[in-house]
Amino acid sequence: MTASGAQAGSPAADSDDLDVEEALALVREPKDDGTTPAPRSEPAAEGHERHRATPWPQAREIAARAARSGARRAPVSVPLAEALGLALAAPLDALTDLPSFDTSAMDGWAVAGPGPWEVRAEGVLAGHAQPEPLTDGEAVRIATGARIPVDTTAVLRTEHGRSDAQGRLHTTRDMEHGQDIRPRGQECRSGDQLLPVGTLITPAVLGLAAAAGYDTVTAVPRPRVEVLVLGDELLTEGLPHDGLIRDALGPMLPPWLRALGAEVVAVRRLGDDARALRKAVTGSDADLIVTTGGTAAGPVDHVHPILERIGAELLVDGVKVRPGHPMLLARTGSNQHLVGLPGNPLAAVSGLLTLAEPLLRTLAAHPAPEPYTLPIREAVQGHPYDTRLVPVMLRGDRALPLHYNGPAMLRGIAAADALAVVPPGGTRQGEETELLDLPWAAAGIGVCFT
């Protein structure tokens with residue numbers, strides 16, 4: 001495996017990325033005056049790679065556009081219990097009036113006419129059949145959600161009623177006609193549109209759908225993803241030894257992809273076997289194939305040659321971002337794409353959020369998150385000509401850059417709430433900086449790691 005396929009614990013870095021020592025030096029060590037050094041001139045030897053690589057913002061746009069260019073994905077009928085996080089593919093129309101009958105909004109008494117009232121012996125509970133009508137001067141105990149008897153004037157709350165020595169009910173304050181009665185159809189009428197196509201299914205949407213009579217909803221299906229872990233040097237258990245290192249991406253990527261709304265259909269470990277990789281890619285029926293490592297030009301970096309052999313269309317071949325420069329995006333079929341992630345763990349995270357996230361989001365018909373910025377607490381030196389993605393913690397109204405942000409490191413991202421998007425040239429202390437939220441930090445409904 002070449003440097004691009006290295007995993008956590010490896011001294012190698014992405015073939016074109018900053019090394020670990022340089023990366024450490026770039027974070028939380030601003031100059032005394034808080035300014036950022038001027039960019040260095042571009043090395044001539046990198047000119048060809050610079051020309052081919054795609055700017056970071058454009059790469060994200062290409063990934064989203066690629067998902068829209070395929071055939072429309074057929075909607076599916078999903079039980080409510082499995083629909084959380086999906087997007088509605090059909091409007092949610094009311095199947096009944098809500099409420100479907102007049103109900104009590106409070107515990108108390110249903111009363112008819114002016115008081116005082118004689119109270120019936122038996123009360124009215126929720127879930128029971130229509131009670132007997134009331135006559136003027138009559139009241140009946142009633143529970144919240146119970147059906148209102150015909151000819152009820154209002155509901156008198158428990159705390160607003162008192163009984164006299166003869167057992168008659170009196171009100172302790174003025175009462176209006178219809179008070180604390182939820183009339184039939186107050187929230188909606190049958191056939192009303194409750195929510196439009198594209199609405200994200202949150203817990204509240206599930207509750208509304210159930211109240212409106214739905215057992216299933218019509219939704220855009222979760223994108224199906226297959227993960228192919230490459231590299232002969234990877235261990236799945238125990239301590240690193242004899243040049244072998246632990247695979248960090250195999251355990252990390254599947255739950256992260258699920259948090260992005262995907263259904264992970266398989267995780268396969270292929271080593272550095274070109275034949276096995278080609279068979280896996282051509283045999284997959286997933287919407288998205290994600291590979292780890294092998295995206296550079298070393299002797300066992302097989303991703304590019306195999307994509308060429310199978311006639312795949314390279315949409316993004318390298319991105320001007322650090323870490324993660326040698327990532328790629330290819331169209332491998334009319335409705336299938338492949339995202340090739342660098343093998344270094346933080347570089348792979350960069351590729352995941354640069355290419356996989358916008359593609360998966362678009363496939364799932366989720367809206368793009370609204371961009372936002374916060375002031376950076378400490379200056380961050382930029383790469384001369386590439387965007388940098390730097391793990392940060394959010395503290396109050398500021399973002400604090402974290403140490404341990406080299407391409408092969410996960411210690412910084414494990415403590416992070418977001419990634420700061422540092423433009424070429426860097427950011428000064430206090431400067432507004434674009435942030436990419438991590439799924440779990442956003443506390444969104446997409447956080448599903450199972």
Using a 4.5 Å cut-off on heavy atoms from C-beta on, say whether the side chain of Pro131 contacts that of Glu122.
no

With rounding to the nearest 0.5 Å, note down the distance linking CG in Asn344 to OG1 in Thr292.
11.0 Å

Identify the two heavy atoms, one from Trp117 and one from Thr171, that lie closest to each other, and give their separation to 0.1 Å.
CZ3-N, 4.0 Å

Answer yes or no: is there a donor N or O on one side and an acceptor on the other, between the side chain of Arg189 and the main chain of Ala94, under 3.5 Å?
no

Smallest separation among heavy atoms of Pro401 and Val380, with atom names
CG-CG2, 3.6 Å

To the nearest 0.5 Å, what is the distance between NE2 on His160 and CE on Met106?
8.5 Å

Listed partners of Arg224 passing salt bridge (Lys or Arg N to Asp or Glu O under 4.0 Å), at least two apart
Asp285

Out of curiosity, Trp56 CH2 to Thr354 OG1, how far, rounded to the nearest 0.5 Å?
6.0 Å

After noting the C-alpha distance and the side-chain angles of Leu195 and Leu88, does the key distance pass the side chain to side chain contact (heavy atoms under 4.5 Å, CB included) rule?
CA-CA 9 Å; Leu195 295 169; Leu88 291 177; 4.0 Å; yes

Can a side-chain donor-acceptor contact be found between Ser190 and Asp97 if the only test is distance below 3.5 angstrom?
no

Do any N or O atoms from the side chain of Ser284 and from the backbone of Val281 form a donor-acceptor pair under 3.5 angstrom?
no

Please find the pair of heavy atoms, one from Ala209 and one from Leu80, that lie closest to each other, and give the distance.
CB-CD2, 4.0 Å

One pair to check against side chain to side chain contact (heavy atoms under 4.5 Å, CB included): Glu187 and Leu208. What are the steps and the verdict?
CA-CA 11 Å; Glu187 187 169 3; Leu208 176 61; 4.1 Å; yes

Short side-chain to backbone donor-acceptor contact, Gln336 and Ala286, under 3.5 Å
yes

Nearest-0.5 Å distance, OG1 of residue Thr153 to CD1 of residue Ile148:
10.5 Å

Between Arg331 and Glu313, is the closest basic N to carboxylate O distance under 4.0 Å?
yes

Tell me if a side-chain donor or acceptor on Glu138 pairs with a main-chain N or O of Thr135 at a distance below 3.5 Å.
yes

Reported OG1-to-CD distance for the pair Thr373 and Glu431, which is rounded to 0.5 angstrom
10.0 Å

Test item: Asp102 side-chain N/O and Arg184 main-chain N/O as donor-acceptor pair under 3.5 Å
yes

Please determine which of Leu402, Leu374, Ile376 meets the side-chain contact (heavy atoms from CB on, under 4.5 Å) test together with Val392.
Ile376

Do Leu389 and Val422 make a side-chain contact, defined as non-hydrogen atoms from C-beta onward lying under 4.5 Å apart?
no

Stepwise side chain to side chain contact (heavy atoms under 4.5 Å, CB included) test for Leu438 and Ile413:
CA-CA 9 Å; Leu438 301 178; Ile413 193 70; 3.9 Å; yes

Using atom types as modelled and distance alone, determine if a side-chain donor or acceptor of Asp273 lies under 3.5 Å from a backbone N or O of Leu270.
no

Kindly give the heavy-atom pair with the smallest separation between Leu86 and Arg222, and that separation in Å.
CD2-CG, 3.3 Å

Please name all residues satisfying salt bridge (Lys or Arg N to Asp or Glu O under 4.0 Å) with Arg395, sequence neighbours left out, ordered by chain then number.
Asp417

Which heavy atom in Ala262 sits nearest to a heavy atom in Val225, and how many Å separate them?
CB-CG2, 3.5 Å

Verdict with reasoning, Leu346 to Met409, per side chain to side chain contact (heavy atoms under 4.5 Å, CB included):
CA-CA 6 Å; Leu346 189 57; Met409 296 181 176; 5.5 Å; no

So, do His337 and Leu363 sit near enough that their side-chain heavy atoms are less than 4.5 Å apart?
no

Could you give the side-chain donor-acceptor pairs of residues 174-181 under 3.5 Å, partners two or more places apart or in another chain?
unit_1: Gln179; atom_1: OE1; unit_2: Glu176; atom_2: N; d: 3.2
unit_1: Asp180; atom_1: OD1; unit_2: Arg157; atom_2: NH2; d: 3.2
unit_1: Asp180; atom_1: OD2; unit_2: Arg157; atom_2: NE; d: 2.7

Roughly how far, to the nearest 0.5 Å, is the CD1 atom of Ile289 from the OG1 atom of Thr332?
4.5 Å

Has Asp317 got a side-chain atom pairing as donor or acceptor with Leu328's backbone, closer than 3.5 angstrom?
no

Whether the side chain of His366 engages the backbone of Gly85 through a donor-acceptor N/O pair (distance < 3.5 Å, no angle test) should be reported.
yes

For Leu206, does its backbone N or O pair with a side-chain atom of Tyr214 as donor and acceptor, under 3.5 Å?
no

Check Leu410 against Ala248 and note the closest heavy-atom contact, atom names and distance.
CD1-CB, 3.8 Å

Side chains of Asp437 and Leu394: closer than 4.5 Å at any heavy-atom pair?
yes

Are the side chains of Glu378 and Leu400 in touch, meaning some heavy atoms are under 4.5 Å apart?
yes

Treating Thr295 as the side-chain partner and Pro326 as the backbone partner, does any N or O pair qualify as donor plus acceptor under 3.5 Å?
yes

Using a 6.0 Å cut-off, check whether atom CZ of Arg411 has over 12 heavy atoms from anything other than its own residue.
no

